[in-house]
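Excluded from the calculations below are hydrogen atoms, water molecules and symmetry mates; all remaining heavy atoms, backbone and side chain alike, are included. Just so we're clear, the structure is a prediction, and the values are computed from it rather than from any experiment.
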Amino acid sequence: MPKTLKEVRTKAGEVAENALAEDVDYVLAERLNLTPSEFELKQDMPLTDEQVKQIQKDVKKLAKGISPQYILGYAWFLGYKIMMERGVLIPRFETEELVEWALDSLKDGDTVLDLGTGSGCITVALGKEAEKKGIKDLTLYASDITDKALRMSEENFLNYDLDVTTRKANVLIGLAKFDKIISNPPYIKENEKKDMDQNVLQNEPKEALFGGKNGIKFYEKFAKQVRDHLNSHGEFFLEYGFSEKEQLEDLFARELPDFDIEFRKDMAQKPRMVHGRWQK
């Protein structure tokens with residue numbers, strides 16, 4: 001007798017009892033190509049032996065604390081399927097808002113850097129959405145500090161037929177000049193580690209997560225380097241930790257007095273993004 005989705009779902013929750021229920025549901029729904037609403041409505045759906053075997057493999061990995069996106073081999077970002085592997089930062093929904101903000105200022109012929117590209121999700125979304133908006137002749141660059149991230153990003157750029165120049169770099173050292181720089185850098189404070197999900201600590205790259213004792217190590221370096229890497233009236237868009245706005249206000253007021261700085265909240269009404277435009 002074929003097993004139903006409901007039966008497999010119940011068993012999965014028992015086997016991966018330490019995993020979040022939403023993570024279990026997410027993996028099952030993705031394997032079965034169901035939307036969240038379809039997943040709930042089709043609990044009586046019979047599954048094939050092949051589907052059951054695949055889900056059993058997935059659930060064993062969930063039970064070991066492996067993140068859903070690494071199990072599936074992909075994540076979704078602004079509607080784009082981004083290939084993933086362990087050791088590369090999983091895209092976050094908050095970063096989609098950063099991309100949409102940057103898109104509003106993008107114009108024909110811009111040279112754009114995705115700084116700390118990770119999986120390349122920002123460049124994929126920015127490049128493809130720019131195409132939809134009819135923005136032409138963009139020159140796209142992506143940099144990261146790790147070879148693994150650069151390899152993963154290059155695979156994603158290839159999948160979406162994007163011409164992107166990749167560079168290995170620590171912050172901006174050794175890079176050229178750009179019209180726009182966009183980044184979701186490491187910004188978690190050291191003392192916040194104790195409050196983090198173990199899946200994140202176990203699977204995701206520390207260099208993409210932690211921003212030093214005060215969380216703003218990256219921004220301190222960036223502020224000192226950015227003038228040498230922006231064209232006239234160049235702009236930057238950065239994500240940051242919601243508790244770091246005051247620190248960044250002080251930093252940018254001190255280091256970048258010739259920039260127009262604007263902070264913006266995310267959909268959860270937490271301060272999350274900052275935009276800077278060089279007055280020169």
Side-chain angles (χ1 to χ4, degrees), residues 67 87-99 101-102 113-119 121-122 142-146 148-150 167-175 178 180-230 234-279:
S67 301
V88 177
L89 188 73
I90 295 170
R92 267 54 171 190
F93 291 121
E94 296 91 345
T95 311
E96 294 180 348
E97 297 179 61
L98 185 74
V99 171
W101 194 8
L113 170 67
D114 174 8
L115 177 57
T117 190
S119 64
C121 62
I122 287 177
S143 70
D144 204 279
I145 198 170
T146 72
K148 178 175 274 193
L150 290 173
R167 292 281 185 269
K168 189 173 184 179
N170 186 348
V171 192
L172 290 163
I173 294 171
L175 298 176
F178 309 93
K180 306 284 192 301
I181 298 173
I182 181 168
S183 182
N184 173 24
Y187 54 70
I188 299 172
K189 297 180 176 70
E190 286 178 9
N191 65 5
E192 293 173 336
K193 184 183 289 189
K194 64 183 185 301
D195 302 319
M196 292 174 66
D197 190 316
Q198 285 304 305
N199 275 19
V200 175
L201 292 173
Q202 182 177 321
N203 293 283
E204 300 195 57
K206 306 293 185 287
E207 61 271 15
L209 294 169
F210 296 102
K213 188 174 181 180
N214 60 4
I216 64 167
K217 186 177 178 181
F218 165 90
Y219 307 88
E220 290 169 338
K221 292 180 179 178
F222 179 88
K224 291 184 182 301
Q225 298 171 14
V226 67
R227 284 189 193 82
D228 293 331
H229 299 279
L230 278 181
E235 300 172 69
F236 63 78
F237 296 83
L238 307 176
E239 188 174 325
Y240 61 88
F242 65 86
S243 65
E244 294 163 1
K245 182 185 176 185
E246 288 186 9
Q247 290 173 277
L248 293 181
E249 283 178 328
D250 292 343
L251 174 67
F252 292 147
R254 184 172 68 252
E255 296 288 345
L256 302 175
D258 50 342
F259 278 68
D260 295 317
I261 302 292
E262 178 187 358
F263 289 86
R264 188 175 283 190
K265 294 178 180 178
D266 62 16
M267 288 177 68
Q269 294 305 301
K270 291 182 177 180
R272 179 71 69 175
M273 298 167 278
V274 60
H275 167 241
R277 183 176 185 273
W278 201 5
Q279 297 165 0

Residue pair [X] / [Y]: nearest heavy atoms and the distance that separates them:
| X | Y | value |
| --- | --- | --- |
| Leu256 | Ala223 | CD2-O, 3.5 Å |
| Gln247 | Ser243 | OE1-O, 4.2 Å |
| Glu94 | Asp266 | CG-OD2, 4.0 Å |
| Ala102 | Ile182 | CB-CD1, 3.7 Å |

Under the criterion ring-ring contact (aromatic ring centres under 6.0 Å, His included), which of Trp278, Trp101, Phe252 is the partner of Phe236? Phe252

Please report the C-alpha distance between Phe237 and Ile122 in whole Å, then the side-chain angles of each, then the deciding distance to 0.1 Å, and finally whether the side-chain contact (heavy atoms from CB on, under 4.5 Å) criterion is met. CA-CA 12 Å; Phe237 296 83; Ile122 287 177; over 6 Å; no

Any non-hydrogen side-chain atom of Phe259 less than 4.5 Å from a side-chain atom of Leu230? yes

May I ask you to test the Phe222-Ser183 pair for a side-chain heavy-atom distance under 4.5 Å? no

Show the numbers, then the answer: is there a side-chain contact (heavy atoms from CB on, under 4.5 Å) between Cys121 and Thr95? CA-CA 9 Å; Cys121 62; Thr95 311; 5.5 Å; no

Check side chain to side chain donor-acceptor pair (under 3.5 Å) between His275 and all other residues, then give those that pass, not counting sequence neighbours. Glu235

Can you sort out the partners of Arg167 under side chain to side chain donor-acceptor pair (under 3.5 Å), two or more places apart, ordered by chain and number? none

Nearest 0.5 Å, please: how far is [atom2] in [Y] from [atom1] in [X]?
| X | Y | atom1 | atom2 | result |
| --- | --- | --- | --- | --- |
| Arg277 | Lys180 | CZ | NZ | 8.5 Å |
| Asn170 | Thr146 | CG | OG1 | 11.5 Å |
| Asn214 | Glu220 | CG | CD | 5.0 Å |

Checking the side chain of Gln225 only, and the main-chain atoms of Leu172 only, is there a donor and an acceptor separated by less than 3.5 Å? yes

Under 6.0 Å between ring centres, would you say that holds for Tyr240 and Phe263? yes

Under 6.0 Å from the CD atom of Glu246, do we count more than 12 heavy atoms belonging to anything else shown? no

Given Asp258 and Arg227, is the side-chain contact (heavy atoms from CB on, under 4.5 Å) satisfied, shown in steps? CA-CA 10 Å; Asp258 50 342; Arg227 284 189 193 82; 2.8 Å; yes

Go through Phe242 and Lys265 one step at a time and tell me if the side-chain contact (heavy atoms from CB on, under 4.5 Å) criterion holds. CA-CA 9 Å; Phe242 65 86; Lys265 294 178 180 178; over 6 Å; no

